[in-house]
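To keep things clear, I will list the structure first and then write my remarks on it.
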Amino acid sequence: MTALDLDFVRSQFPAFSSPVLSSHAFFENAGGSYPCRQVVDRLTRFYTDRKVQPYGPYPGAQAGGAEMDEARTRLAAMMGVAREEVSFGPSTSANTYVLAQAVRQWLRGSDGAVVVTNQDHEANSGVWRRLADEGIEVREWRLDPATGSLDPGALQTLLADGRVRLVAFPHCSNVIAEINDVAAISAMARAAGARTVVDGVSYAPHGFPDVPALGCDAYLFSAYKTYGPHQGIMVLRQDFGMELPGQAHFFNHGVLYKRHTPAGPDHAQVAACAGMADYVDALAAHHGITGDPAARNRGVHDLMRAQEVAVIQPLLDYLSARNDLRLIGPRDAATRAPTVAAELSGPAEPVSEELGRQGIACWAGDFYAVRPLEALGIDRAKGVLRLSATHYTSADEVARLIAALDRVL
C-alpha cells in the first residue's frame with residue numbers, strides 16, 4: 001500500500017502555516033481537529049456569497065441550498081448510505097439527545113430494555129440511562145476495570161432473555177481508545193432483536209465509517225473532529241429512523257433527514273461539510289486511489305490508519321516503559337485509536353500546562369468520560385493526561401512530545 005504523503009496532507013491544513021497554531025506540536029486532536037482548507041474555503045464562500053435563506057428563487061439562495069444538498073449527498077456516498085439517512089445537528093450530544101427522546105416514546109409502556117456501557121463519553125451514556133425515568137429497564141455493559149475493554153461475552157448475557165431493544169456503545173472510547181468490533185457487536189444485537197446506536201466521535205477522525213460493513217442502525221460523529229465545522233452528523237438507517245416517532249415539525253416527518261431534526265440546521269456549516277468530502281477525494285486522487293466514493297473513502301481510511309499506527313507506537317512504547325504512570329488502553333497501536341491517555345501520580349492538568357510551555361498543545365481532565373475513569377479507579381479530580389494524534393501528526397512531533405515528557409514528568 002502506498003504510504004501517506006505527509007507533506008501533501010499538511011499542505012491541506014491552514015493551521016500548519018498559522019503563526020499562532022504552528023508554534024506548538026498539536027496533540028489535542030481528540031478535542032477538535034484542525035479544519036482542512038477545503039472546509040475553510042467553503043465556509044468563507046458561504047458567508048460571502050450565499051448567506052441568505054437557502055432554496056429561494058434567486059441565485060444566492062439556490063447556490064446555498066445546492067451546496068447543502070451536495071454535502072449530504074457526498075458524505076452519504078462516502079459512507080455507503082442513502083442521502084436521506086444523513087442528518088445534521090448542532091453537536092453529537094444534541095443529536096444523541098434527540099434520538100433518545102424518540103427511543104423514549106418508542107419503548108414507553110413496553111417491557112423492552114436498553115443496554116448502555118460505562119466505557120462511553122457521557123453523550124452516549126447519560127441520555128440512555130435517563131430512560132429509566134420512564135420505567136424502561138437500563139442494563140449496563142461494564143468494562144473490565146483492569147484493561148478498560150468490553151467483553152462481548154458479557155453483552156451476550158445481557159441479551160439472553162430477548163428483551164433488549166437497543167444497545168448503545170462506542171466505536172472507541174475517548175480515553176481508553178480500544179477499537180470495538182462494531183460489526184460483531186451489531187450482529188450479536190441484531191440476532192437478539194436489538195437495534196444498535198454507535199458513538200463514532202472518537203473513531204471517525206481516523207477514517208470515515210463504512211456504515212453497511214459495520215451493520216449498525218445509527219452512527220453518530222462530529223464534523224469538527226473530522227476536519228470540518230462544528231456540526232454533529234448522524235447516520236440513521238431508513239427502517240429504524242422511520243420506525244422511531246418523529247421529533248421534528250409534524251409536516252417534516254415524511255423526510256428521514258428532517259424527521260429527527262427539531263431545529264433548523266446551521267446552513268453554512270452544513271454546506272461547509274462538503275469540504276470534508278473534497279479533502280477525502282483530494283487524498284484519494286493524490287495517492288492513486290480510485291473507484292466509487294465509498295471505495296475511495298475506504299482507501300483513504302486505510303492510509304490514515306497506517307500512518308497513525310506507525311507514528312503513535314513509539315509514544316505507547318515510551319509510556320508503557322515508565323513505572324510512574326498508568327497507560328490507559330491497549331499497548332498496540334493497531335488495536336486502538338491514536339488517543340493516548342495516562343494516569344499520572346498526581347493531578348494531570350499542571351502537567352498539561354507545563355507541556356504547553358514546552359511547545360506541546362494538549363490537555364488534561366476527565367473529558368466527559370467520567371464513568372470510564374471511575375470504573376478504572378481513577379479520581380475524576382486528578383484526571384488523565386490525554387495526548388491525541390491523527391493522520392497529519394508527524395513522527396518528529398511525537399519525538400518532540402516524548403522529549404518534553406522526559407523533561408516534565
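Since the structure is predicted, the reported quantities are computational estimates derived from the model, not experimental observations.
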*Below 4.0 angstrom, N of the basic side chain to O of the carboxylate: do D69 and R74 qualify?*
no
*Which heavy atom in P372 sits nearest to a heavy atom in I176, and how many Å separate them?*
CB-CD1, 4.3 Å
*So which of H267, M68, Q62, R45 actually passes side chain to side chain contact (heavy atoms under 4.5 Å, CB included) with R50?*
R45
*Does the side chain of Q307 reach to within under 4.5 Å of the side chain of I312, using non-hydrogen atoms?*
no
*Is any side-chain heavy atom of I179 closer than 4.5 Å to a side-chain heavy atom of R305?*
yes
*asked:* If we ignore hydrogens and angles and just use 3.5 Å, is the side chain of N118 paired with the main-chain N or O of L143 as donor and acceptor?
replied: yes
*Side-chain contact test, heavy atoms from C-beta onward, threshold under 4.5 Å: evaluate it for V197 versus V167 and give yes or no.*
no
*How would you list, by chain and number, every residue that makes a side-chain contact (heavy atoms from CB on, under 4.5 Å) with T117, sequence neighbours excluded?*
Q119, D120, W141, L150, F169, P170
*ring-ring contact (aromatic ring centres under 6.0 Å, His included) pairs, two or more places apart, involving residues 349-384*: H121-Y368
*Taking C-beta and beyond as the side chain, do L21 and F26 meet within less than 4.5 Å on heavy atoms?*
no
*List the steps and the verdict of side chain to side chain contact (heavy atoms under 4.5 Å, CB included) for L385 and L405.*
CA-CA 11 Å; L385 179 68; L405 288 169; 4.1 Å; yes
_To the nearest 0.5 Å, what is the distance between CG on N174 and CG on D199?_
8.0 Å
*asked:* Quick one about E308 and H206 (side-chain donor to acceptor, distance below 3.5 Å, no hydrogens or angles considered), yes or no?
replied: yes
_Presence of salt bridge, E349 and K382, under 4.0 angstrom_ = no
*Does the ring center of F16 lie less than 6.0 Å from the ring center of Y34?*
yes
*asked:* Determine whether a donor-acceptor pair (N or O, by modelled atom type, separation under 3.5 Å) exists between the side chain of R386 and the backbone of V340.
replied: no
*Could E374 and R380 be called an ion pair, given the rule that one side-chain N must be under 4.0 Å from one carboxylate O?*
no
*asked:* My understanding is that only residues two or more places apart in sequence, or in another chain, count here; which of them pass side-chain contact (heavy atoms from CB on, under 4.5 Å) with A263?
replied: none
*Taking ring pair (Phe, Tyr, Trp, His ring centres under 6.0 Å) as the test, write out the residues that go with H171, two or more places apart.*
Y203, Y219
*So which heavy atom on L75 is nearest to which on C273, and how close?*
CD1-CB, 4.0 Å
*Is a side-chain donor or acceptor of R331 paired with a backbone partner of G329 at a separation under 3.5 angstrom?*
yes
_By side-chain hydrogen bond (donor to acceptor under 3.5 Å, both in side chains) - contacts of D151 (at least two apart)_ = none
_Single hit among Q238, R237, R190, R195 for side chain to side chain donor-acceptor pair (under 3.5 Å) with D217_ = R195
*Any chance you could lay out the salt bridge (charged side-chain N to carboxylate O under 4.0 Å, His left out) test for E70 and R42, step after step, and finish with the verdict?*
CA-CA 12 Å; E70 179 190 357; R42 283 182 179 263; 2.9 Å; yes
*Any sub-3.5 Å donor-acceptor pair from D366's side-chain atoms to G383's backbone N or O?*
no
*asked:* Among L325, L327, L315, which residue satisfies the side chain to side chain contact (heavy atoms under 4.5 Å, CB included) criterion with S320?
replied: L327
*Where do H230 and D266 land on the side chain to side chain contact (heavy atoms under 4.5 Å, CB included) test, with the steps shown first?*
CA-CA 9 Å; H230 203 291; D266 186 315; over 6 Å; no
_For E354, all residues meeting salt bridge (charged side-chain N to carboxylate O under 4.0 Å, His left out), sequence neighbours excluded_ = R357
*Of all heavy-atom pairs between C36 and G275, which one has the smallest distance, and what is that distance?*
SG-O, 3.8 Å
*Give a yes-or-no answer on whether the side chains of Q247 and R259 include a donor-acceptor pair shorter than 3.5 Å.*
no
_Using the ring pair (Phe, Tyr, Trp, His ring centres under 6.0 Å) criterion, which residues pair with F208? Sequence neighbours excluded._
F221
_Neighbour count above 12 (heavy atom, 6.0 Å) for F251 CZ_ = yes
*Judged by modelled atom types alone, do Q101 and R104 share a side-chain donor-acceptor pair under 3.5 Å?*
yes
*Do the side chain of S33 and the main chain of N29 share a donor and acceptor less than 3.5 angstrom apart?*
no
*For T92 and S222, test the side chains for any donor-to-acceptor distance below 3.5 angstrom and give the result as yes or no.*
yes
_Let's go through V255 and E84 carefully: what are the C-alpha distance in whole Å and the side-chain angles of both, what is the deciding distance for side chain to side chain contact (heavy atoms under 4.5 Å, CB included) to 0.1 Å, and is it a yes or a no?_
CA-CA 7 Å; V255 180; E84 292 79 12; 5.5 Å; no
Cut-off 3.5 Å, no hydrogens considered: what does the side-chain donor-acceptor table look like for residues 155-163, sequence neighbours left out?
| unit_1 | atom_1 | unit_2 | atom_2 | d |
| --- | --- | --- | --- | --- |
| T157 | OG1 | G153 | O | 3.3 |
| D161 | OD1 | R139 | NH1 | 3.1 |
| D161 | OD1 | R163 | N | 3.0 |
| D161 | OD2 | R139 | NH2 | 2.7 |
| R163 | NE | D111 | O | 2.9 |
| R163 | NH1 | E137 | OE1 | 2.8 |
| R163 | NH2 | D111 | O | 2.7 |
| R163 | NH2 | E137 | OE1 | 3.0 |

*Which pair of heavy atoms, one from L303 and one from I289, lies closest together, and at what distance?*
CD1-CD1, 3.6 Å
*I136 CD1 to S110 OG distance, which is reported to the nearest 0.5 Å*: 6.5 Å
_Carboxylate-amine/guanidinium proximity below 4.0 Å for E397 and R10_ = yes
*With sequence neighbours excluded, tell me which residues meet salt bridge (charged side-chain N to carboxylate O under 4.0 Å, His left out) with R130.*
none
*What pairs with W106 under ring pair (Phe, Tyr, Trp, His ring centres under 6.0 Å), at least two apart in sequence or on another chain?*
F240
*Can you list the residues that meet the salt bridge (charged side-chain N to carboxylate O under 4.0 Å, His left out) rule with R336, with sequence neighbours excluded?*
none
*asked:* Are more than 12 heavy atoms, taken from residues, nucleotides or ligands other than R129, located less than 6.0 Å from that residue's CZ atom?
replied: yes
*Keeping the roles fixed (side chain from H301, backbone from P209), state whether a donor-acceptor pair exists under 3.5 Å.*
no
*asked:* With a 4.0 Å cut-off on N to O distance, would you call R37 and D278 a salt bridge?
replied: no
*Closest approach of S87 to T261 (non-hydrogen atoms, all atoms of both residues)*: CB-OG1, 4.0 Å
*A361 backbone acceptor or donor facing E28 side chain under 3.5 Å*: no
*Sequence neighbours excluded, which residues qualify as ring pair (Phe, Tyr, Trp, His ring centres under 6.0 Å) partners of F13?*
Y227, Y279, Y392
*Taking all heavy atoms of S186 and all of T196, pick out the closest pair and write down the distance.*
OG-OG1, 3.6 Å
